[in-house]
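Worksheet for the structure shown next.
Basis for what follows: all heavy atoms, side chains included, without hydrogens, waters or symmetry-related copies. Computed from a prediction, not measured in an experiment: that's the story for all the values here. Chain letters run A, B, ... following the sequence lines, proteins first, then strands; residues in each count from 1.
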Amino acid sequence: MTDRPADPILVLLETTPNGELATSTAGLLGAASRIGTPVALVVVAPGRAQALAEQSAAAGAEKVLVVETDATQAELTTPQVDALAAAAGAVGPDAVLIPNSIHGRDIAGRFAARTGAPIAVDAVGVSRDDEGIVAHHSVYGGAYDVDSAATFGPLVVTVRQGAVDARAEARPVVVEALEVSPSGAASAAIESFEAVTEASSRPELRGATRVVSGGRGLGSAEQFALVDELADALGAAVGASRAAVDAGYIPANHQVGQTGVSVSPQLYVALGISGAIQHRAGMQTAKNIVAVNKDPDAPIFEVADFGVVGDVFTVVPQLISALAERKR
Amino acid sequence: MKIIVLVKEVPDTYGQRKLDLETGIADRAASEAVLDEIGERALEVALAYADSHDGTEVVVMSMAPESATATIRKGLAMGAASAVHITDPGLAAADLGLTARTLAAAIRRTGFDLVIAGNLSTDGSGGVMAAMLAELLGVPNATALSSVEIAEGSVAGAREVEGGTMRVTAELPAVVSITEALPDARYPNFKGIMAAKKKPFETLSAADLGIDPQDLSTAVSIMTAIAEKPPRTAGVKIVDEGDGGTRIAEFLIENRLV
Ligand SMILES: Cc1cc2nc3c(=O)[nH]c(=O)nc-3n(C[C@H](O)[C@H](O)[C@H](O)COP(=O)(O)OP(=O)(O)OC[C@H]3O[C@@H](n4cnc5c(N)ncnc54)[C@H](O)[C@@H]3O)c2cc1C
Ligand SMILES: Nc1ncnc2c1ncn2[C@@H]1O[C@H](COP(=O)(O)O)[C@@H](O)[C@H]1O
């Protein structure tokens with residue numbers, strides 16, 4: 001590659017099913033800009049490269065490597081891994097940043113295994129010290145802060161979505177088409193994709209500044225609407241406990257906790273959630289926690305800044321009207 | 001069909017989990033060790049298939065400290081035909097790369113048509129193991145499956161990914177990982193527990209697999225710092241006396257949260 005920066009950070013940008021840059025983009029480029037020169041890689045369907053390159057530059061990419069291919073519609077993971085391997089070969093990055101999404105983890109895992117690079121997963125931040133790139137992790141539900149680094153060579157880092165607040169300045173658009181020779185690695189075939197368009201203007205759970213979550217205490221899918229209502233009154237994202245997901249009140253992608261999404265909002269409101277340790281693991285780093293539960297001994301009260309022992313069906317409607325009152 | 005299920009011993013999430021502040025390794029004395037729930041669900045997928053397909057061999061495999069034998073044996077009691085336990089003091093602080101290289105070598109040695117892993121463990125939360133193994137083994141990966149259909153020669157399923165549901169299919173041999181949307185595992189019964197005692201249980205060292213854990217020519221990820229965060233403390237707790245909602249509104253306003 002011509003004019004290679006001294007401290008390149010290769011950033012794999014994810015695209016949404018309808019071909020836009022994923023919301024993880026700004027945080028990834030923001031993180032990269034703090035530790036070096038962000039070089040973005042986008043792997044997209046033919047015809048989309050220029051538009052996405054412009055958006056990537058606007059989000060802080062110094063240079064955008066583009067690969068236009070239809071293969072990503074048909075084959076799982078390997079087309080992106082092949083592109084990433086080619087990009088890493090061309091750029092010689094100090095680190096490779098990838099979103100910690102389902103696709104991102106697959107790409108990161110295969111890429112690290114293929115190139116023998118060490119991998120740091122679910123980082124909440126990155127920094128650089130005298131010896132190189134350091135990944136920061138928040139583990140065991142935020143109970144510990146752990147740093148990790150490579151003994152040598154580039155570190156592959158998957159970055160928790162919504163965890164990085166840093167943003168990079170927009171840069172002029174510099175695009176370079178990247179030649180990729182397919183590795184021929186065996187891959188699964190994508191048979192179909194059905195997009196779910198969430199019919200709501202609510203903020204995304206990951207990275208949300210306010211979250212209202214409901215648990216089994218809501219009692220039914222219909223009654224879970226109370227959670228949505230309070231969320232809308234607060235401009236919050238909607239979360240849930242695993243029990244609420246298992247009971248079918250809400251889809252699994254709203255689950256907060258150990259095996260769901262980890263959130264760190266300014267405000268977390270837990271309604272009818274007991275506060276099992278696995279749920280707390282995904283929300284106890286919130287700045288402010290409010291809980292409503294009719295059981296005075298519910299463990300959620302051990303972490304709540306403001307707890308109300310009461311029935312959600314009387315307390316929450318009153319809260320919603322108090323908030324509406326205030327808006328007037 | 002030979003199915004290898006990858007299971008992990010983890011600190012019980014219902015207990016207080018601790019990391020050793022010197023080594024950064026899980027403090028095994030601090031909480032009870034259990035078979036990771038997601039690994040049990042992965043095993044259930046394999047056992048359910050074996051129940052209805054004669055000639056299916058299910059192997060549980062784990063890389064874990066020597067003390068994990070009892071935990072792995074639970075997989076045999078649930079119904080797996082044999083177990084492979086890779087244990088070696090040199091692997092104690094293995095990073096994801098070394099874990100993947102070691103497991104891949106053991107999987108190759110055992111032989112497989114299908115490998116089933118959990119999508120995310122509750123301790124590592126790496127979520128990259130299935131993809132790493134697929135790459136090292138030169139086979140397809142189909143990860144985060146919320147439904148699995150195993151057939152002679154192929155595996156298919158649905159995955160809930162960002163923005164929608166994807167259906168994928170892969171020819172065997174392949175590596176898949178599953179999510180907790182799949183059913184809870186069966187409990188081992190008395191007969192199973194008794195039978196487990198007689199089932200093959202292979203113990204392998206790193207050297208048996210041609211792995212040198214101390215190989216400095218391979219880059220690894222190391223922990224460079226660790227700090228414990230003070231636990232969160234409880235704030236105000238009131239009992240609703242007809243004004244609970246209003247009181248929350250006041251709390252939010254005082255703290256500039258609305
Ligand atoms: C490996 C593993 C991973 C897990 N991962 C997660 C995870 O990621 N996220 C997660 O949430 N859980 C997880 N769990 C499950 C967890 O252990 C709990 O089972 C779950 O969080 C309970 O959900 P809940 O609080 O909604 O339900 P419950 O524990 O049943 O609590 C319901 C609460 O609602 C209260 N209530 C009932 N009616 C009302 C009312 N009218 N008004 C007010 N309060 C009311 C009750 O007092 C009770 O406290 C995991 C478990 C395991 C083993
Ligand atoms: N040491 C190990 N032994 C066996 N399987 C493992 C090990 N580590 C990870 N796995 C498998 O990989 C899955 C994901 O683990 P993780 O990468 O830690 O999130 C687990 O559910 C297991 O199926």
Side-chain angles (χ1 to χ4, degrees), chain A residues 16-17 76-77 101-103 105-106 108-110 113-114 116-122 134 140 142-153 186-196 252 258-259 267 277-278 284 288 290 301-310 315 318-319 322-323, chain B residues 13-14 17 19 24 95-97 100 120 122 125-128 131-132 134-136 138-144 160-170 180-181 218-229 232 234-240 244-249 251 255 257-258:
Chain A
T16 64
L76 196 60
T77 319
S101 60
I102 293 171
H103 285 311
R105 286 198 292 264
D106 285 348
R110 271 198 177 256
R114 186 178 294 182
I119 182 166
V121 290
D122 198 22
V134 179
Y140 280 180
Y144 294 87
D145 290 330
V146 173
D147 291 351
S148 70
T151 47
F152 59 86
S187 60
I190 300 172
E191 286 188 319
S192 65
F193 181 79
E194 208 175 304
V196 281
Q258 177 122 54
T259 44
L267 173 65
I277 198 157
Q278 297 93 347
Q284 63 193 359
N288 296 279
V290 172
F301 290 125
E302 292 163 23
V303 296
D305 299 289
F306 195 82
V308 176
V309 180
V315 174
Q318 186 180 64
L319 168 58
L323 293 172
Chain B
T13 55
Y14 287 103
R17 298 176 298 164
L19 286 181
D95 73 339
L96 287 161
L120 279 175
T122 49
S125 285
V128 292
M132 293 184 92
E135 181 71 26
L136 294 175
V139 302
N141 60 282
T143 59
E160 308 299 324
V161 294
E162 287 79 6
T165 304
M166 182 183 271
R167 276 202 55 87
V168 293
T169 175
E180 60 184 16
T218 310
V220 294
S221 135
I222 49 168
M223 196 204 62
T224 55
I226 177 167
E228 190 170 5
K229 289 225 284 259
R232 214 184 163 100
V236 180
K237 181 167 83 176
I238 62 157
V239 175
D240 178 33
T246 320
R247 299 278 301 271
I248 296 177
F251 171 84
N255 290 280
L257 294 166
V258 281

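B:Phe251 pairs by the ring-ring contact (aromatic ring centres under 6.0 Å, His included) definition with A:Phe306, not counting sequence neighbours. Partners of A:Thr77 by side chain to side chain contact (heavy atoms under 4.5 Å, CB included), not counting sequence neighbours, listed by chain and number: A:Val81, A:Asp106, A:Ile107, A:Arg110, B:Asn141.
In terms of heavy-atom pairs under 4.5 Å with chain B, the best-connected choice from A:Ala150, A:Ala117, A:Gly310 is A:Ala150. The most heavy-atom pairs under 4.5 Å with chain A, out of B:Ile222, B:Val168, B:Val239, B:Leu96, come from B:Ile222. Chain B forms more heavy-atom pairs under 4.5 Å with one residue of A:Ile190, A:Val134, A:Thr16, A:Leu267 than with any other, namely A:Ile190. Most heavy-atom pairs under 4.5 Å with chain A, from the set B:Ala234, B:Ala225, B:Ala144, B:Ala100: that is B:Ala225. The candidate from A:Asp145, A:Val146, A:Ile277, A:Val315 with the greatest count of non-hydrogen atom pairs under 4.5 Å with chain B is A:Asp145. Per-residue heavy-atom pair counts under 4.5 Å with chain B were compared for A:Ala195, A:Pro17, A:Ala149, and the maximum is reached by A:Ala149. Among the candidates B:Thr246, B:Asn255, B:Asp95, the residue making the largest number of heavy-atom pairs closer than 4.5 Å to chain A is B:Thr246. Counting heavy-atom pairs under 4.5 Å between each of A:Asp305, A:Ile119, A:Thr259 and chain B puts A:Asp305 at the top. Of the listed residues (B:Pro140, B:Gly235, B:Gly164), the greatest number of heavy-atom pairs within a distance under 4.5 Å of chain A belongs to B:Pro140. Per-residue heavy-atom pair counts under 4.5 Å with chain A were compared for B:Val161, B:Leu136, B:Val236, and the maximum is reached by B:Val236. Here A:Ser192 is the residue among A:Ser192, A:Ser187, A:Ser101 with the most heavy-atom pairs under 4.5 Å with chain B.
Rounding to the nearest 0.5 Å gives a distance of 4.0 Å between CE of B:Met166 and NE2 of A:His103. Note that CZ of A:Phe152 and OG1 of B:Thr218 are 6.5 Å apart. Values are rounded to the nearest 0.5 Å. Here the straight-line distance linking atom CD of A:Glu191 with atom OG1 of B:Thr169 works out to 5.0 Å at 0.5 Å rounding. Rounding to the nearest 0.5 angstrom, the gap separating the CG atom in B:Leu120 from the CZ atom in A:Arg105 is 5.0 Å.
Nearest heavy-atom pair, B:Ser221 versus A:Pro118, reported as atom, atom and distance to 0.1 Å: N-CB, 3.4 Å. Nearest approach of A:Ala186 to B:Gly138, heavy atoms of both residues: CB-O, 3.9 Å. The minimum heavy-atom distance linking A:Ala113 with B:Met132 is given by the pair CB-O, 3.7 Å.
Only the side chain of B:Glu180 has a heavy atom closer than 4.5 Å to any heavy atom of chain A. Looking at A:Glu194, both its backbone and its side chain come within 4.5 Å of chain B, counting heavy atoms on both sides. For B:Val139, the part lying under 4.5 angstrom from a heavy atom of chain A is the backbone only. For A:Val303, the parts lying near chain B are the backbone and the side chain together; criterion is any non-hydrogen pair under 4.5 Å.
A donor-acceptor pair is defined here as one N or O able to donate and one able to accept, closer than 3.5 Å; such a pair exists between the side chain of A:Tyr144 and the backbone of B:Leu19.
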